[in-house]
Amino acid sequence: MATTTREFPKRFDFREAEPRIYARWIDAGAFRAARDPEGGVVDPARADARPFTIVIPPPNITGRLHMGHALNNTIQDVLIRYKRMDGHDALWVPGTDHAGIATQTVVKKQLDAEGIDYRQLGREATVERIWQWREQFGDQILSQLKKMGCSCDWDRTRFTMDEGLSRAVREAFVRLYEAGLVYRGKRIVNWCPVDRTALSDDEVEKDDERGKMYDIRYPFEDDPREYLVVSTTRPETLFGDVAVAVNPDDERYRKYVGRNVRLPLQGRIIPVIADEHADPELGTGCVKITPAHDPNDFEVGERHGLEPVDVMHEDATMSDVVPEQYRGLDRYACRKLALRELEEQGLLEAVRDHTMAIGRSYRSKVPIEFRLSDQWFVRMGPLAEQALSASGYVKRDGGWVREGEPGVRLHPSRFEKIYLHWLANIRDWCISRQIWWGHRIPAWYHRETGEILVDRDVPERVRAEPERWIQEQDVLDTWFSSWLWPMSTLGWPERTADYERYYPTQVLSTAKDIIFFWVARMNFAGLQFDGRLPYADVYVHSTITDERGITMSKSKGNGIDPLTLIEGATVEQLQQPVLEARPSNTKALLKQIEKRFPDGFDAVGADAMRWTLIYSINEGERVRLSLDRFTEGRNFVTKLWNGAGRVIQALEQEAARQDAAGVAPAEPGDKDRWLLARLDSTIRDCRRHLDGFDFGAMGQQLYHFVWNDFCSWALELSKTRFTSDDHAVRRGALRVMGSALADTLRLLHPVIPFVTEELWARLRPVMDGLGLWLDRQPAAELLVREAFPAPRRPAQPEVEERFAIVQRFVVAVRQLRATSNIKDNLKITVQVKPLHDAARPMLEQLHQAVCFLARLDAVEFVEQRSPGMAAQYDDAFELYIDLGKYLDLREEIARLDKEIGKLEGSLRQARAKLDNPGFVERAPAETVEEMRRRAGSAETQLAKLRATRGELAELAR
RNA sequence: AGGCGCGUAGCUCAGUGGGAGAGCGCUACCUUGACACGGUAGAGGUCGGCGGUUCGAAACCGCCCGCGCCUACCA
């Protein structure tokens, strides 16, 4: 075998390796599902395996990859790679969302910059421009996902406005319309005056803001000297008032009900009415009723049969129903003028500071207007009831009670309550948007009769007389296509081969802020159109925040760009987001960045990013991240790289030598059995954690295994055997370490796919060549296609216990060395008195390795401690070091005092329990026994320590 | 206002009834042959407070304090 030994680089060159490896996976078709969309076999080995499907939450085509995407897609990739390796037919469906308002805004700005008014350009041409934009930039975010290593089946990439998905949208709309679940109505909607469109409740961000409350006098019609004082925050809407309401139980005002008041500034006569809506506690207790501009007032108006008066245009300028001087004014200009005139007329009684929640458009950020308009709605009640039933709830006494098992499980489970609460209090969903980019509502109005036709395609009658009909101008809310996503991407409404095989899917991973926007609605759609829920489990990940716990956002400039991690950034690039956001502490932030990263930030690679994200996940509300944490993640990748490299180099050296070919490797010894037992435990734990969506716990397990068990102990202990002259011993160590490393790479692959694939490429051939696999030879050339490891044996606690003696022994020597400042390069001889049956055999068997780890010349076994020797006491052994030669007496006495102190504390605790009759009587026998053992052990060691201490103190005199 | 969650080492967080843990940071020492993106040893904690349940509470229950998130209302 003529393998030449190669250099092993100190660091994983991810810049070079990641693109190369990703291309290799694509070439190999490693991400493709076992069957193509028509049902043809792609991978015969898995063609009949159980499918495991995830559909990606489609990122907006306008989106740039942010940390939330990075986290969510890493989670999905971990799951899909795990299941793929574990024998499932794994399918991860990718795609993008057309993001109606967001995309139209981006292109509108582009047109603005070119001096083109999109309204003049017209609907068709503008939509054409948006399509062009999406062809050019719409897939950017998908290529960023590729950089992260996401293993989507790219041949199945979908777009919410592609032909199939558009058909699905029309189908869903028509079916709902025919079922009476879609209706058109005049309602108060959230209205964005900048984008001039309705917004759903979820698209409105509410925050407390400081404002004013105005008390305005409304004089009575029959006696202008008398008046009611009305409190309002929106004086400019008074032109739309149709009544003044007081609470029917409010003694102060009851007598005025039925009289009329004169509307200030306009003179219109309106009635004083009694309505529960008026809160006596609030303001003056009199409230103006403006049905066209307030949802509550709209209801009051309906109750009292009052006709709404709309006072604004769609851009929130005042309409012609207001007095002349106000017409065409912006709502806030109008407010200013109205207040001035009210004041001049002596009608403005008071102005008070007032904190109130102001709703703003999530997109344009301007305060929304409540606007009365014709909109399309989905009736949510019946859909929510289906979802509640599917979650195992039944309606009883007006409330919902859990009776059965949920059809979809939310993780963490606390989201179940939130989900239920939302379902039980659901409101109808306004689905029409007054923009051009999106699925145009498939409804046609007759120009004369107003008759409405709704159909999947242009109806026969419309085609016959096109001039008599006009199609609805509005498009559908973006989420109207998103809620069909798990179904439509797989072919619905056709029952395609894909749909039959891969729907329903298994897992949905998402951020919590879109549970209602999206997850709940997907459940509705699944139940309504297919009768099944679209997935079995929903994993809701925590919110990513910066190190201070503040949500990362563009407007705060505190985000970490995933591409910074993968590609690195200069100081200037790091500062860029802050400069764009310009928060109040801009200067301080810029300085801080300069101080912490004077030379910019070195890229850490996709693996380190993925590792850090997975490792940081916790069950709490948020995950705090900083650039430093990713550096720690990179350190882990480097640690694995170097540990693996040492094993691979040893294997390659073995392959290069001629003299040992064919020598049978020695059978695994205690140390080997320990490593394999630890590996088995780690595999078991990882599988359990993955199945339970406990990614953070999995990360902890993997970290500990790689860093401590594999590198610090197994590898250190193997070094002497790697260089042994005994062929069998050497090959025995290589066999175990090589095989354990292979399993470790398999175990880590879902989280850090690139570095493991790279190491696999170097490990597998040399292991094959040497024929040193502990069990079967791996079948796959690429790790991505390998099997996820399974434990070799049941748990073996006794194996781990035996090895722990050796670990404690090594640590004991190191402690004694440290207190006495014995340099590492000074090798010493220690004496041991074995107390446990396994102590002597273990230490003899691993003599060479233990000497290497503890920097010893030799370990001598003795019956007794000789006078003057320092000692370390353990339940399994006593360790002696010749004091005269090495030890600093005073430091050693101080150390003994500390040990004595610790043991005394421990003994006190144990004694206190044992002296408590209640404990001995009522605690389980094993617990009492364990406590006795502990007390005995502490007592024995304490006696030994005290004796030694006394002797040393004598000497020190 | 209601709901949900959190409070454990300087920082970020594990720990669901029986001897307080990890990583980072800190201190001291170490260029030893995979790794200084490393190694060894160490310092550091009335587990937010009070009460209860229990033989035994960081954990379970109640109240309080502090923090975060969500929902609704706020003329």
Side-chain angles (χ1 to χ4, degrees), chain A residues 8 10-11 206 208 213-215 230-234 237 244-245 277-279 281-290 294 296-297 354-357 412 414-415 417-418 421-422 425 512-513 515-516 543 545 547 549 551 602 604 608 615-616 618-626 628-629 631-650 696-697 700 703-704 707 711-712 715-716 719 723 811 814-819 821 823-825 852-853 855 898 905-907 909-910 912-913 916-924 926-928 930-931 934-935 938:
Chain A
F8 200 93
K10 273 193 175 182
R11 313 229 193 288
K206 284 185 184 161
D208 275 354
M213 171 98 88
Y214 306 93
D215 291 351
V230 165
S231 297
T232 181
T233 55
R234 300 287 315 272
T237 63
V244 170
H277 168 62
D279 181 352
E281 306 289 313
L282 224 61
T284 58
C286 299
V287 57
K288 66 198 217 38
I289 300 300
T290 322
D294 183 282
N296 291 311
D297 291 8
H354 181 70
T355 306
M356 58 193 161
R414 67 189 138 95
F415 287 104
K417 280 184 199 165
I418 301 173
H421 186 258
W422 187 76
N425 297 290
K512 63 163 175 273
D513 54 342
I515 294 178
F516 307 138
T543 309
T545 74
E547 55 210 306
T551 322
D602 248 352
V604 298
Y615 185 71
S616 305
N618 57 62
E619 292 269 312
E621 286 285 321
R622 42 188 193 177
V623 172
R624 290 182 210 236
L625 291 175
S626 63
D628 295 330
R629 298 214 51 170
T631 306
E632 290 162 24
R634 179 208 53 191
N635 294 352
F636 175 75
V637 172
T638 306
K639 186 72 181 180
L640 171 73
W641 175 261
N642 281 295
R646 184 67 187 81
V647 175
I648 289 168
Q649 272 191 308
Q700 310 276 344
Y703 185 96
H704 186 269
W707 205 294
C711 291
S712 294
L715 185 53
E716 290 297 332
K719 283 176 180 172
T723 52
V811 170
R814 286 171 178 168
Q815 282 170 339
L816 277 180
R817 293 185 67 117
T819 40
N821 294 318
K823 301 272 189 220
D824 277 0
N825 52 16
F852 174 76
L853 282 182
R855 312 263 155 214
K898 229 182 72 189
S906 156
L907 181 60
Q909 269 185 15
K913 291 208 166 189
N916 178 351
F919 175 74
V920 184
E921 282 163 32
R922 313 183 74 158
E926 313 92 83
T927 308
V928 177
E930 163 65 18
M931 203 57 65
R934 195 185 300 162

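To find a chain, count down the sequence lines: A is the first, B the second, and so on, and within it residues start at 1.
Among the heavy atoms of the strands lying under 4.0 Å from A:Glu632 are primed sugar atoms or P, OP1, OP2 only; no base atom is included. No engagement by A:Gln700 is indicated, since no non-hydrogen atom pair under 4.0 Å with the nucleic acid exists. Residue contacts shown for A:Pro917 are absent, as no nucleic acid heavy atom lies under 4.0 Å away. Note on A:Phe636: nothing from the nucleic acid sits closer than 4.0 angstrom, heavy atoms only. When heavy atoms are screened at a 4.0 angstrom cut-off, A:Asp279 is found touching base atoms of the nucleic acid. Contacts of A:Arg629 with the nucleic acid, taken as non-hydrogen atoms under 4.0 Å apart, involve only primed sugar atoms and P, OP1 or OP2. Contact annotation for A:Leu715: base contact, defined as any heavy-atom pair under 4.0 Å involving a base atom. A:Arg934 comes within 4.0 angstrom of a base, heavy atoms only. Within the nucleic acid shown, A:Gly643 comes within 4.0 Å of at least one base atom, counting heavy atoms only. Base contact: A:Glu716 has a heavy atom under 4.0 Å from a base atom.
Between A:Lys512 and A:Thr543, the shortest heavy-atom distance links the atoms NZ-OG1, 3.0 Å. Heavy-atom minimum distance, A:Trp707 versus A:Asn635: CZ3-O, 4.0 Å. Here the closest heavy-atom approach between residue A:Leu907 and residue A:Ala935 is recorded as CD1-O, 3.5 Å. The heavy-atom pair separating A:Thr545 from A:Gly549 by the smallest distance is OG1-CA, 3.2 Å. Closest non-hydrogen pair, A:Ala278 versus A:Gly285, comes out as CB-O, 4.0 Å.
Taking the P atoms as reference points, B:A43 lies 22 Å from B:G38, given to the whole Å. B:C13 sits 16 Å from B:G5 when the C1' atoms are compared, rounded to a whole Å. Atom P of B:A58 sits at a distance of 15 Å from the matching atom of B:A9, rounded to the whole Å. Comparing the same atom, C1', in B:A34 and in B:G25 gives a spacing of 26 Å after rounding to whole Å.
The partner of B:U46, taking Watson-Crick or G-U wobble pairs whose two distances both stay under 3.5 Å, does not exist in any strand shown. Pairing for B:G66 goes to B:C6, judged as Watson-Crick or G-U wobble with the two contacts each under 3.5 Å. In this structure, B:C35 makes no Watson-Crick or G-U wobble pair, since no nucleotide meets both defining distances under 3.5 angstrom. The partner of B:C55, taking Watson-Crick or G-U wobble pairs whose two distances both stay under 3.5 Å, is B:G18. The base-pairing partner of B:U40, taking Watson-Crick or G-U wobble contacts with both distances under 3.5 Å, is B:A28. Here B:C73 sits opposite no nucleotide as a Watson-Crick or G-U wobble pair (both hydrogen-bonding atom distances under 3.5 Å).
Counting atom types as modelled, A:Lys10 pairs no side-chain N or O with a base atom of B:C35 as donor and acceptor under 3.5 Å.
If you check B:C55, B:C69, B:G39 against the side chain of A:Trp707, the one that comes closest is B:G39. Residue A:Val811 has its side chain nearest to B:A41 when only B:U12, B:A41, B:A34 are considered. Of the candidates B:A41, B:C24, B:G68, B:G68 carries the atom nearest the A:Arg622 side chain, counting heavy atoms from C-beta on. Distances from the side chain of A:Asn296 to the nucleotides B:A41, B:G18, B:C73 place B:C73 closest. For A:Ser906, counting side-chain heavy atoms from C-beta on, the closest listed nucleotide (B:U32, B:C24, B:G19) is B:G19. When distances are taken from the side chain of A:Lys898 to each of B:G42, B:C13, B:G39, the shortest belongs to B:G42. Residue A:Gln909 places its side chain closer to B:G19 than to any other of B:G19, B:G18, B:C13.
Mapped onto RNA chain B by nearest heavy atom, A:Val623 and A:Ala818 fall at different nucleotides, with A:Val623 at the one closer to the 5' end.
Note on A:Asn618: every side-chain N or O is 4.0 Å or more away from OP1 and OP2 of B:U12. For A:Lys913 and B:A57, the shortest distance from a side-chain N or O to OP1 or OP2 is not below 4.0 Å. Put simply, A:Lys719 has a side-chain N or O that comes within less than 4.0 Å of OP1 or OP2 on B:A34. OP1 or OP2 of B:U12 sits under 4.0 Å from a side-chain N or O of A:Arg624. Distances shorter than 4.0 Å separate none of the side-chain N or O atoms of A:Arg634 from OP1 or OP2 on B:C37.
A:Phe636 does not carry A:Arg634 over the face of its six-membered ring by the limits of under 6.0 Å from the centre and within 45° of the normal.
For the atom pair CG (A:Asn916) and CE (A:Met931), the distance works out to 11.0 Å, reported to the nearest 0.5 Å.
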